[in-house]
Amino acid sequence: MLSNREFDLWADGYDMSVGMSDDDGTYPFAGYKQILNEIYKRVLTSKCSTILDIGFGTGTLTTKLYEQGCCIWGQDFSGRMIELAKAKMPEAKLYQGDFSKGLVEELRHNRYDTIIATYSLHHLSDEQKITLIKSILPLLQDGGCFYIGDVAFETRKELERCKILIGEEWDDEEFYFVVDELTEVFPKMKYEKLSFCAGLLSLKND
C-alpha cells in the first residue's frame, strides 16, 4: 500500500490518470465511470440522505451526491486528497485515517443510509477487507446498502487469467476482490461485472 505521502503526491494528477485508463479501457480503471454512475443512480433512487465514503480520494463521486443535498461523511488516508475534496464539499465531515486499522472514532458513532468504497479497499489484505466490512455493516440503517466498486473477479482463476494478460503492468502490491471467496463470508453479497477487470459489489442491511 502506498504511504499517505505517496498518495499526497499522486492526488493532484489522480483524476486525470484514472480517467485516461478508463477511457482507454485498460487495467486497472476500465469501467471506473460506469461503476461510479451506477452507485450515484442507486443512491439517489433510494433517496438516501446520509452517506459514508471510505477512501473518497478527491471526492469524484461524493461531490455529485453532495450537490444533490446528501450529507457526506468520509475517511481517507491522504491529507492532500482531503484538501481537494473539502474544497468541493465544504460542509462534508471528512477525516484522515488509515482504514486498514478501522474507522476513526468520529465515524463509528453514526449510522448511514449508504456506505461507499470505490477503488480503495484493494489496498487491504483479504483478511483486513473481511474485518472492515464486518465492522462497518452495523453502521448501516435498516434497508441501507454498502456499495463497493473496485477491481474484482468472480473467481481466483479469473484473477490469475487477467494477471497473465496484463503482464508486467500488474500490481502485485494490491489485493483485488475475489467474489466467490467473499460470498463464503457474506452470502448475501451481490456482484455485477462491469468491465474485464472491475465490477460492483453490494451488500444490503435487510
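Model, not experiment: these values are computed from the prediction. If you read the sequence from its start, that first residue is 1, and numbering goes on from there.
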Exercise. Is E181 salt-bridged to R156, going by a charged N under 4.0 Å from an acidic O?
Worked result: yes

For this session: Please tell me if the side chains of I115 and I51 come closer than 4.5 Å, counting only heavy atoms from C-beta onward.
Result: no

Problem set entry | Side chain T63, main chain T60, donor-acceptor under 3.5 Å | no

Seminar exercise, completed: Smallest heavy-atom separation, L124 atom then K129 atom, equals O-NZ, 2.8 Å

For this session: Determine, stepwise, if the pair E169 / I166 fulfils side-chain contact (heavy atoms from CB on, under 4.5 Å).
Result: CA-CA 6 Å; E169 296 298 316; I166 299 304; 3.6 Å; yes

Problem set entry | CG on D53 to CD1 on I72, rounded to 0.5 Å | 7.5 Å

For this session: Could you go through the salt bridge (Lys or Arg N to Asp or Glu O under 4.0 Å) check for R80 and E83 one step at a time?
Result: CA-CA 5 Å; R80 179 57 180 157; E83 281 181 33; 2.9 Å; yes

Problem set entry | S120 side-chain N/O to A117 backbone N/O, donor-acceptor pair under 3.5 Å | no

Problem set entry | C162 versus F196, closest heavy-atom pair with distance | SG-CE1, 4.0 Å

For this session: Go through the steps for D98 and S100 under the test side chain to side chain donor-acceptor pair (under 3.5 Å), then give the verdict.
Result: CA-CA 5 Å; D98 180 356; S100 70; 2.6 Å; yes

Exercise. Could you walk me through whether E174 and V151 pass the side-chain contact (heavy atoms from CB on, under 4.5 Å) check?
Worked result: CA-CA 10 Å; E174 297 186 339; V151 178; 5.9 Å; no

For this session: Run the numbers on I82 and F56 for side-chain contact (heavy atoms from CB on, under 4.5 Å), then give the verdict.
Result: CA-CA 8 Å; I82 293 171; F56 52 81; 3.6 Å; yes

Exercise. Between Y119 and F29, is there a donor-acceptor pair closer than 3.5 Å when you use the side chain of the first and the backbone of the second?
Worked result: no

For this session: Mind checking the OG1-CG spacing from T114 to L52? Nearest 0.5 Å is all I need.
Result: 10.0 Å

For this session: Kindly give the heavy-atom pair with the smallest separation between W73 and E106, and that separation in Å.
Result: CZ3-O, 4.1 Å

For this session: Mind checking the CD-CG spacing from E38 to L194? Nearest 0.5 Å is all I need.
Result: 6.5 Å

Exercise. Around atom CD of E67, are there more than 12 heavy atoms of other residues, nucleotides or ligands at under 6.0 Å?
Worked result: yes

For this session: Over all heavy atoms of both residues, which pair between Q96 and G79 is shortest? Give the atoms and the distance, please.
Result: NE2-N, 3.3 Å

Problem set entry | Any donor-acceptor pair under 3.5 Å from K88 side chain to T58 backbone | yes

For this session: Determine, for K47 against D113, whether the closest basic-nitrogen to carboxylate-oxygen distance falls under 4.0 angstrom.
Result: no

For this session: Check T50 against R111 and note the closest heavy-atom contact, atom names and distance.
Result: CG2-O, 4.0 Å

Exercise. Passes salt bridge (Lys or Arg N to Asp or Glu O under 4.0 Å), R42 versus E192? Steps please.
Worked result: CA-CA 14 Å; R42 294 177 196 194; E192 299 161 72; 2.7 Å; yes

For this session: With sequence neighbours left out, write down each residue that passes side-chain contact (heavy atoms from CB on, under 4.5 Å) with E184, or none if nothing qualifies.
Result: none

For this session: Could you grab the distance from atom CE of M89 to atom CG of L65, nearest 0.5 Å is fine?
Result: 9.5 Å

Exercise. Could you give all pairs that pass the ring-ring contact (aromatic ring centres under 6.0 Å, His included) test and reach residues 166-188, with sequence neighbours left out?
Worked result: Y27-W170, H122-Y176, W170-Y176

Problem set entry | Spacing of CG belonging to L182 relative to CG belonging to L201, to within rounding of 0.5 Å | 7.0 Å

Side-chain donor-acceptor contacts of residues 130-148 below 3.5 Å, not counting sequence neighbours, with atom names and distances?
from, atom 1, to, atom 2, distance (Å)
T131, OG1, E127, O, 3.1
S135, OG, L132, O, 2.7

Problem set entry | Donor-acceptor under 3.5 Å (Q75 side chain, G102 main chain) | yes

For this session: Name all pairs fulfilling the side chain to side chain donor-acceptor pair (under 3.5 Å) condition that reach into residues 195-206, sequence neighbours left out, sorted by first residue then second.
Result: none

Exercise. Is there side-chain contact between I39 and T118, with heavy atoms separated by less than 4.5 Å?
Worked result: yes

Problem set entry | Rounded distance [0.5 Å steps], NZ in K163 versus CG in D171 | 10.5 Å

Seminar exercise, completed: Nearest heavy-atom approach of K64 to Y40 is CB-CE1, 3.6 Å

Problem set entry | Derivation and outcome, ring-ring contact (aromatic ring centres under 6.0 Å, His included), residues F77 and F99 | CA-CA 7 Å; F77 195 39; F99 50 78; 7.4 Å; no

Problem set entry | Contacts of E158 that satisfy side-chain contact (heavy atoms from CB on, under 4.5 Å) - sequence neighbours left out | F153, E154, T155, R161, K193

Exercise. Which residues pass the side-chain contact (heavy atoms from CB on, under 4.5 Å) test with R108, sequence neighbours left out?
Worked result: L103, E105

Exercise. Can you tell me if D24 and T26 form a side-chain donor-acceptor pair at under 3.5 Å?
Worked result: no

Problem set entry | Y112 side-chain N/O to L107 backbone N/O, donor-acceptor pair under 3.5 Å | yes

